[in-house]
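In each ligand, atom 1 is the first atom listed, and ligand 1 is the first ligand listed.
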Amino acid sequence: MKKKKENNFIFFPKDFFWGSATSAYQVEGGNLNDWSQWEEKNAEKLAHSAKKYWKSWQRKKFPQMLYPDNYICGQACDHYHRYEEDFDWIKSLHQNAYRFSVEWSRVEPEEGKFNKRELEHYRQMVMALRDRGIEPFITLKHFANPLWLSKKGGITNSDYPRLFTRYVQKVVQELGEFCQYWITINEMMVILYNAYLGKKNWPGERGLIKAYKYFRMTVKAHNMAYECIKKECPRAQVGVAQLLNFWEPANKNSFLDRLTTGAARYFSNKKFINAIKSKLDFIGVNYYFHHRLKFPYQQVKIEGKVSDLNWEIYPKGIYKVLQEVKKYNLPIYITENGLADAKDKYREVFIKDHLFWINKAIQEKIPVKGYFHWSLMDNFEWDKGFWPRFGLLEIDYKTLARKLRPSGKVYADICATNGFKFDK
Ligand code: FCB
């Protein structure tokens, strides 16, 4: 393949956003919502099932997965109190953007009662970013729900779109003056497949009818929130962050494998975006997975390198999914991409290889405008708990000290020079 410019130096466009991402529940600490309630009930069970679920090399390397404590988020990284320190890190790492989420259960702890202090907290965070020249990208809903909402049936409640939009309006009225980029909802399809149609029981509801309602309500909620944000703040750019997997048939010559792959691709990658595409200013791409499928729906075993979570590392897939979303003719941000790699063995190469393929997409006029590495720091990885280490910054969970991983330094150099020398 053709590499770019002198000495294989790969350049990115002038106004490219370089950043990293987190979500409130995973880093803030001290949150009370339907996830914290769910983990209380399920920590024992998760610790127990880890014995069967994870491979022996993973259990050996990360024995904490066998203990219930691992599954309790608690103070997480205490980002809620340490955000200034974390933003100093972002600045020193030459990142010019930060994706984070506002926690709905803080802002509206009781239905219809908004907490001014918490809104002010997020305003302070945004100002602290602005002071450091860092562009905020705000996610309004990253999975968890306030308890009062989940008691009413959560997202399947037909009043959910209105309730979500009322919360969004409050946040945008508070922060809109200082923020341009908004992500309404993170990875809605993941919840649909894993929870409503799959085996994981957060948020505690399952079944086809529920799944259908969840889909419809989420589409409606996004569309209403979009209108509301644009009204409050006409210069706002509004999108979603969607998990986009690279699906491939196990055997390209098999019609049935191709059919299976096409169906998987349609439901996981396209259905939601198609439903909301008239109310989108950009597409946020979260890329982690490559799947090779056999009819009727069987995953072919992974070859090659894997992360600590046993997720295959397949950088070219990001280019493939970018080719897929090109047709929407919208700006694209890579809103998440990263790996669990406690020893920092693969992260540097992972970042460079993914950026190489992103750059190739840009050369081919696919409008990728920014890259957010998942994650700025190690954090609480939902039903897997604390052992998967996704951070550019390593967290010592005893002292909560942050320490830069070597790959974090490499990424910082890329951000500073707006490119890197690709030596493959
Ligand atoms: C994504 C989620 C994010 C994090 C990463 C590893 O699916 O959006 O919160 O858990 O996976």
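With a heavy-atom cut-off of 4.0 Å, Leu243 does not touch ligand 1 at all.
One finds no salt bridge joining Arg389 and Asp341 here, because no Lys/Arg side-chain nitrogen approaches an Asp/Glu carboxylate oxygen to under 4.0 Å.
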Apply side chain to side chain contact (heavy atoms under 4.5 Å, CB included) to Glu28 and Arg82, showing your working.
CA-CA 9 Å; Glu28 278 184 351; Arg82 294 169 197 238; over 6 Å; no
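In this model, a donor atom of one side chain and an acceptor atom of the other lie less than 3.5 Å apart for Tyr80 and Glu118.
In terms of protein heavy-atom proximity, atom 7 (O) of ligand 1 is nearest to Glu187 OE1, 2.5 Å. In terms of protein heavy-atom proximity, atom 10 (O) of ligand 1 is nearest to Glu381 OE1, 2.7 Å. With respect to atom 3 (C) of ligand 1, the closest heavy atom belonging to the protein is Glu336 OE1, 3.4 Å.
Taking the ring axis of Phe215 as reference, the NZ or CZ atom of Lys271 stays within 45° of it and closer than 6.0 Å to the ring centre. No cation-pi contact links Lys277 to Tyr328, judged by a cut-off of 6.0 Å to the six-membered ring centre and 45° from its axis.
Taking every non-hydrogen atom of Asn186 and a distance limit under 4.0 Å, the qualifying atoms of ligand 1 come out as 8 (O). Near Tyr288, the atoms of ligand 1 lying under 4.0 angstrom from a non-hydrogen atom of the residue are 1 (C), 5 (C), 6 (C), 11 (O). The contact set between ligand 1 and His142, taken as ligand atoms under 4.0 Å from a residue heavy atom, comprises 2 (C), 3 (C), 8 (O), 9 (O). Those atoms of ligand 1 that come under 4.0 Å of a heavy atom in Gln26, given as number and element, are 3 (C), 4 (C), 9 (O), 10 (O).
Of the residues Tyr181, Phe282, Tyr371, the one that meets the ring pair (Phe, Tyr, Trp, His ring centres under 6.0 Å) test with Phe17 is Tyr181.
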